[in-house]
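The model shown is predicted, which means the values in this text are computed figures rather than measured ones. Residues: numbered from 1 along the sequence shown.
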Amino acid sequence: MEKSDTKNPVEPLHTLTAEQVISHLQTSKDGLSAAEAEERLRRYGKNALQEAAGKSIFAKLLEQFKDVMIIILLIAALISGLLGEWTDSLIILVVVILNAVLGVIQENKAEQALTALKQMSSPYAQVVRDGKAMNIKAEDLVPGDIVVLEAGNVVPADLRIIESASLKIEEAALTGESVPVEKGVEALDKADLVIGDRKNMAYMSSNVSYGRGIGVVTATGAETEVGKIAGYISQEEDEVTPLQTKLNELGKYFTFIIIGVAIVIFVVGLIEGREIFEMLLTSISLAVAAIPEGLPAIVTIILALGVQKMAKRKAIIRKLPAVETLGSTEIICSDKTGTLTQNKMTVKHVYLDGALHPAEEPLQQVEGYESFLQVMTLCNDSKITEGASDAAGTQNNVSFIGDPTETALVDFALAKGLDKRDGERRYPRTAEIPFDSERKLMTTIHDMSSHRNVEAASPYRFMTKGAPDVLLERCSHIFIHGTVVPMTSEHRHDIAAANKEMAIKALRVLALAYQDAERLPEELTTEAVEQELVFSGLVGMIDPPREEVKEAVRICKMAGIRPVMITGDHRDTAAAIAKELDIIQDESGVLTGTELNQISDKDFADKVTEYSVYARVSPEHKVRIVQAWRKKGKIVAMTGDGVNDAPALKTSDIGVGMGITGTDVSKGVSDMVLADDNFSTIVVAVEEGRKVYSNIRKTIQYLLSANLGEVVTLFIATLLNWKILFPIHILWINLVTDTLPALALGFEQAESDMMKRPPRKASTSIFADGVGSSIVYQGLLEAALTLFAYYWGHTHYSENVAITMAFATLGLIQLTHAFNVRSNKHSLFKIGFFSNKYMNYAALISALLVIVVVVIPGLNDLFNVVMLNTEQWIVVIAASLSIVPIVEIVKLVTRSLNKQA
């Protein structure tokens, strides 16, 4: 047998007839022979998703040490060891190793996404081979196999449907469409159809929710639509976040600066005739002073603090850098179903007794509402599994099983006081004509004899629901104003107008009708049962937006974030939801997947800003949309819950998965998971992300200005041939001042206008908005005040006193400066000098640690310092505190200049 080109047919298989597909795949309705199936299994491989070759644990661990700042940390550990400070060296090494281990753990968690995707496949499938039905492992399926599908099955491979009996398949995880798709066998005309519109195809990992059918396998394993998604996940490489990029750049800059300054100091010292070993120690001390060795650890801890706060507010962060990235988000590409909407079909309007009524309106006073609710609940195959309703219609612990459209009807009727279970007991079903896609109707027949009422005087009632245009053709009468009357053209016009009004709102509309009969027909046919019906009313349904989402969208816009809806649902439905949420004003901002296919990548990159809603899209489209925004230089967040969202979640700067409705695949590739599936939680996370980044910048400003002060102090002192500080002084000051105060800055509260500012650009320097200039002048100011304290001590007392005063001043001035850094723009007295209790404790403890080495006998000998008298302490404290009013004056001038600008 010649190898069949099942992967690349001349025409898409959904455009071919069932017979043509069977012929193309070189099979038959009796299935493949065992020998042919075995040969094809060798040719095409197992029907399983393949993972890319994973890295070894050692390789993953090694990669964690490639970060520039980690390398600098290791250098600092080495230097500390050379200086005999083994405690500092050990602490640094512990931090580095802990970070590396955590990084490996996070990477392993992310790789579990493909494993979860593999587990979604059906383990067994019912196939026909050699003309006999049998169960085989789904992984042994091959192209050409004939597969039998029944309600409750997981589709084991991609199939072309060749037989269908009311077959409906739920594809929400793959397409994003919340309503099960009715499947047929007819060939489709258009070749360029998105997955959700291929009504004669069934896809791997989707679920059969109703009916039965037979399909022929067209693709297995990696060639299936789910397999392609797995390929996208494995191919997409993780990228570093903006903060990681900036910290790496910062590390590189400091490396060159440190080397350059250390060499200059070393050479100058030799020229001045100082000892080589002494200058070597001085240069190393300078390097230690310049390296912000605590920065990576401090940043990690601040991020972790943000993670804890976000977790308490239902946003679970899987990767620490995602906190910072979320704070700079400019675009949120959100899936519709289950994210912006409730993922639950809900009745919104009913047309009853000649008028349109909103769902929340009481119907007890409307004529005909009882028969209307009867048809709604009894011509219905869904079930209420538990709970009950009281006389007022209050629902208690109710859950439903069945088609989402039908459960919405039962839910609505239950809220109005009609319990389906009670109706079934009173009016049992005696016969039915199931729904089918050709006639678009469903009819059930009920015995009304045991509980007759005014509206049902006959022993039997035929209840029918279906498409309005079809059902109206079968209606000859209408129940209106309390009586059954012949249907007129005016009635039909009013019904059509109501149908159109609901359709404009993108509601899915069903018509309800009934017929009373004295006896059952001899033959249950549509001609005998579904004729001369009495029109009861219309019902309009939709998967509605979450109540809190509109406010979340408003806050997003206020914060300069653009929400973009991406869905597999129909254009009208997507547009209606987007307009209700104020994502778009009109339909000009809507683009379908088919229309997107007609636009080149280059043109789309130019036009992407024109659209805020994308409908009927495939996984490839979602990735393309995210990439187009990223090419614009935007930081993009993508929310989603389905398998179809996984590639875009992976491609985006930050993927946001849904914790409740989300698949393991979508959660596995996400950077953040919403525990409550609430879109508004994203707004909370954005605010927290902005606050975290702001606090990180404050920490960087604090550490670098302090370290710059140390560098300048040592540099100028060396040029002046002053022996101002020993290596142990620098190490102790760094240990004391670079930890607790820096951590305390991570507890600063968000400023009141945080969510009224536009997002910062990814290209924006971490030193923007005055941070860089503040680091420079504040570092120089610290150095000047320290050198002043040394000069005062040297000229008024002795060299030992001068060194001690310089040591104490440099340590304490950094602690008082930590209060300055709490806000780079607002006055410290406006935000409250002592409003951050963690900073108060940190400053107090750190100050004591600086002071005790001076005042405790024995300890001061170890640190080469001497006891200071009251006058000397007054100079030290005055110099240390003076940085606060000086910085306050600079802030005042800056605010005045900005107002004038």
Side-chain angles (χ1 to χ4, degrees), residues 110 176 232-233 235-246 315 317-319 321-336 339-340 552-553 555-557 559-567 578 583-584 589 591 593 596 599 601 604-614 617-642 644-658 662 666-667 669-674 679 681-683 685-690 693 758-764:
Y232 297 144
I233 295 173
Q235 290 170 12
E236 188 65 38
E237 292 294 330
D238 287 328
E239 297 184 17
V240 294
T241 70
L243 179 62
Q244 288 173 317
T245 301
K246 290 176 175 62
I317 298 297
R318 296 184 67 251
K319 302 173 184 177
V323 180
E324 174 268 331
T325 310
L326 192 65
S328 63
T329 298
E330 298 169 90
I331 307 293
I332 298 179
C333 294
S334 174
D335 184 47
K336 177 183 74 68
T339 308
L340 297 173
V553 169
I555 294 175
C556 280
K557 288 186 172 183
I561 301 168
R562 180 170 179 169
V564 175
M565 178 194 289
I566 304 179
T567 177
I583 292 176
I584 57 172
L591 190 72
L596 180 54
I599 306 175
D601 285 343
F604 183 53
D606 296 330
K607 296 180 179 179
V608 68
T609 56
E610 299 176 14
Y611 306 106
S612 292
V613 176
Y614 297 87
V617 296
S618 65
E620 295 93 333
H621 293 139
K622 294 186 177 186
V623 174
R624 198 175 163 199
I625 293 163
V626 171
Q627 288 176 336
W629 277 112
R630 294 188 71 192
K631 286 177 182 176
K632 287 280 186 184
K634 303 293 185 181
I635 299 295
V636 182
M638 169 72 189
T639 72
D641 59 356
N644 61 316
D645 299 318
L649 289 169
K650 183 90 173 182
T651 304
S652 62
D653 293 286
I654 175 164
V656 184
M658 301 294 117
S666 63
K667 287 185 279 190
V669 299
S670 296
D671 302 289
M672 180 177 84
V673 176
L674 303 182
F679 184 85
T681 303
I682 299 173
V683 180
V686 168
E687 181 177 7
E688 188 65 34
R690 290 187 177 189
Y693 185 76
R760 72 182 185 281
K761 298 293 182 183
S763 57
T764 301

Mind checking the [atom1]-[atom2] spacing from [X] to [Y]? Nearest 0.5 Å is all I need.
{"X": "I331", "Y": "K634", "atom1": "CD1", "atom2": "NZ", "result": "6.0 Å"}
{"X": "T567", "Y": "K622", "atom1": "OG1", "atom2": "NZ", "result": "7.0 Å"}
{"X": "M638", "Y": "C333", "atom1": "CE", "atom2": "SG", "result": "6.5 Å"}
{"X": "I332", "Y": "L326", "atom1": "CD1", "atom2": "CG", "result": "7.0 Å"}
{"X": "D335", "Y": "L340", "atom1": "CG", "atom2": "CG", "result": "7.5 Å"}
{"X": "D653", "Y": "I635", "atom1": "CG", "atom2": "CD1", "result": "4.0 Å"}

At their closest point, which heavy atom of [X] faces which heavy atom of [Y], and how far apart are they?
{"X": "V623", "Y": "P647", "value": "CG2-CB, 3.4 Å"}
{"X": "R562", "Y": "T609", "value": "NH2-O, 2.7 Å"}
{"X": "G633", "Y": "E330", "value": "O-OE2, 3.7 Å"}
{"X": "M658", "Y": "V673", "value": "C-CG1, 4.0 Å"}
{"X": "R690", "Y": "P758", "value": "NH2-C, 4.0 Å"}
{"X": "S328", "Y": "P759", "value": "O-CB, 3.9 Å"}

Using side chain to side chain contact (heavy atoms under 4.5 Å, CB included), reason through L596 and I625 one step at a time and then give a plain yes or no. CA-CA 9 Å; L596 180 54; I625 293 163; 4.2 Å; yes

side-chain contact (heavy atoms from CB on, under 4.5 Å) partners for [X], two or more places apart:
{"X": "A552", "value": "F679, S680, V683"}
{"X": "T681", "value": "K314, A315, L674, D676, N678"}
{"X": "Y611", "value": "L591, K607, Y614"}

Counterpart residues, side chain to side chain donor-acceptor pair (under 3.5 Å), relative to S334 (two or more places apart): T639

Start with the C-alpha gap between I654 and T329, add the side-chain angles, then the distance that decides, and say whether side chain to side chain contact (heavy atoms under 4.5 Å, CB included) holds. CA-CA 8 Å; I654 175 164; T329 298; 4.1 Å; yes

Test salt bridge (charged side-chain N to carboxylate O under 4.0 Å, His left out) applied to R624 - qualifying residues, sequence neighbours left out: D601

Would you indicate whether the side-chain heavy atoms of I561 and V686 approach each other to under 4.5 Å? yes

